[in-house]
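Sequence lines set the chain letters: A, B, ... in the order given, protein chains first and strands last, and positions in each chain run from 1.
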Number of protein chains: 2
Amino acid sequence: MRASDKAYAALRDDIIEWRLAPGTVLTEVEQSERLGISRTPLREALGRLSAEGLTAAGGRGVVVTDISLEDIDELFELRETLEGRAAALAAERGDAATFEQLRRELLHAPELIGGAEPALQAYYDLVGRLDAAIDAAISNAYLAQAMRSLRVHLVRVRRLAADDAERLTAAAAEHAAIAEAIAAGKPRLAEAATTVHLHRSLSHVKATHVPHQKEHHG
Amino acid sequence: MRASDKAYAALRDDIIEWRLAPGTVLTEVEQSERLGISRTPLREALGRLSAEGLTAAGGRGVVVTDISLEDIDELFELRETLEGRAAALAAERGDAATFEQLRRELLHAPELIGGAEPALQAYYDLVGRLDAAIDAAISNAYLAQAMRSLRVHLVRVRRLAADDAERLTAAAAEHAAIAEAIAAGKPRLAEAATTVHLHRSLSHVKATHVPHQKEHHG
DNA sequence: ACTTCCTTCAGTGTATACACAAATCCCCGC
DNA sequence: GCGGGGATTTGTGTATACACTGAAGGAAGT
């Protein structure tokens, strides 16, 4: 693994998991020493992060970007646009058997949610497989790319919300509805189910959202 | 201006204007010598280009990406999704006077189109101002960013088509219709007008498209 | 003649040194 | 005591040297 990849992954995780608070300035020498690499690969990592919008390269050093409540609204507005269309396209072009299988698994998801850590991870993986199946079904590299770049920010937002078992169970049912609509080849329904799911998701995030306090070092 | 910015702008223009054929491998030492800079800033430029999708960093050296006919279809599919929604949002949130003014100017655009080079540039600027006005009106940084990253590829596609005066005149009328719908505050109509415009645009591109032959150097 | 191994080399990945810009801080003058 | 100007420090931008890897070409053996 290249040093720049390692630095990118480390910094990306630190930002997504809110270990690096928004507003933190990432100095090249400091971070390169922390990660045990040189400035050159670190700069590449910072460039990638800034391209994704996780950091912003303002005048002196790059700073970790913040996510405000307005940002979350904007994020979900774009998400609704992209994923709604993606679900519709998947219903038109996707393989019914694939999504039927996913739907069946999603109906059994509540058993995973109540469980401990590994079972919960299995649930998240399942949702991830639904996303991947949609990505593959739409056969549109540009749309898939746009959604991928969105998901980075969404993971960050998800960490802000309290994902209780109740919400996760409901979300699983919503996902199952999306998979069912796609499997049935109903684009309008798939888009509507996605819209419903995203609105409920957004409501939950905004309801349980607790502002992260910035950890001012020093 | 930084050396990396200069390199980025130069390479970006070379690719967009099809002076660098798809499949061309951009070697770091070669390009850095050609542009009169060092490898370090050039690498940053190549990184940005690859992030945008203008180049792909496969194993050995980065290569200029190709745009196939399927790519154009996918590109316009995403474009329809994003710009349709953007037009609708602009109709909801935009300032009527701004778009009314743009509509009036677009109605006079045919006078510019017939003219020589500078007048044609004035027309392209006018269309660009409409795009910028929509970007500003939607007040959604993520959506605006997604559209910006798309436009790079669209400029590249536009260079493939023969933009005759007839098509440009029709396009101006379609743009005027979009501006009118936004000014009138009619989201559905604005989205529909955008859809119509993009489909006509796509048809024109595909009808007049001439495949670029790759210039194999040596 | 074909295959295989070794050599060589082109090219990237990384580290480091140097140059330059900006911000801060201290000292001197008032 | 306060303000201004210069030095110092901090950090980025760029260049270059070195290491490593993967590929291509040739030579030798079968």
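- From one end of the helix from C:dA1-D:dT30 to C:dC30-D:dG1 to the other, with five pairs defining each end axis, the axis direction shifts by 10° (rounded to 10°).
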Could you go through residues 121-128 of chain A and list every donor-acceptor pair under 3.5 Å that involves a side-chain atom there, pairing it with any protein atom two or more places apart or in another chain?
unit_1: A:Q121; atom_1: NE2; unit_2: A:D125; atom_2: OD1; d: 3.2
unit_1: A:Y124; atom_1: OH; unit_2: A:D163; atom_2: OD2; d: 3.3

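- With sequence neighbours excluded, the residues that form a salt bridge (Lys or Arg N to Asp or Glu O under 4.0 Å) with B:E100 are B:R103, B:R104.
- Residues that satisfy the side-chain hydrogen bond (donor to acceptor under 3.5 Å, both in side chains) test with A:E105, not counting sequence neighbours, are A:Q101, A:R129.
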Reading nucleotides 18-24 of chain C 5' to 3', which nucleotides get B (base under 4.0 Å from a protein heavy atom), which S (sugar-phosphate only), which -? ----B--

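- Looking at residues 1-10 of chain B, you'll see B:R2, B:A3, B:S4 sit with a heavy atom under 4.0 Å from some atom of DNA chain D.
- Looking at residues two or more places apart in sequence or on another chain, you find a side-chain hydrogen bond (donor to acceptor under 3.5 Å, both in side chains) between B:H204 and B:D164.
- B:R39 meets the salt bridge (Lys or Arg N to Asp or Glu O under 4.0 Å) test with B:E28; sequence neighbours excluded.
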Distance-only check: which donor-acceptor pairs under 3.5 Å involve side-chain atoms of residues 83-92 of chain B, not counting sequence neighbours?
unit_1: B:E83; atom_1: OE2; unit_2: B:R79; atom_2: NE; d: 3.2

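- Remark: A:E80 engages A:H199 in a side-chain hydrogen bond (donor to acceptor under 3.5 Å, both in side chains) (not counting sequence neighbours).
- Along DNA chain D, read 5' to 3', the first and last nucleotides having any atom under 4.0 Å from a heavy atom of chain B are D:dG13 to D:dG22.
- Among residues two or more places apart in sequence or in another chain, the side-chain hydrogen bond (donor to acceptor under 3.5 Å, both in side chains) test is passed with B:R34 by B:D14, B:Q31.
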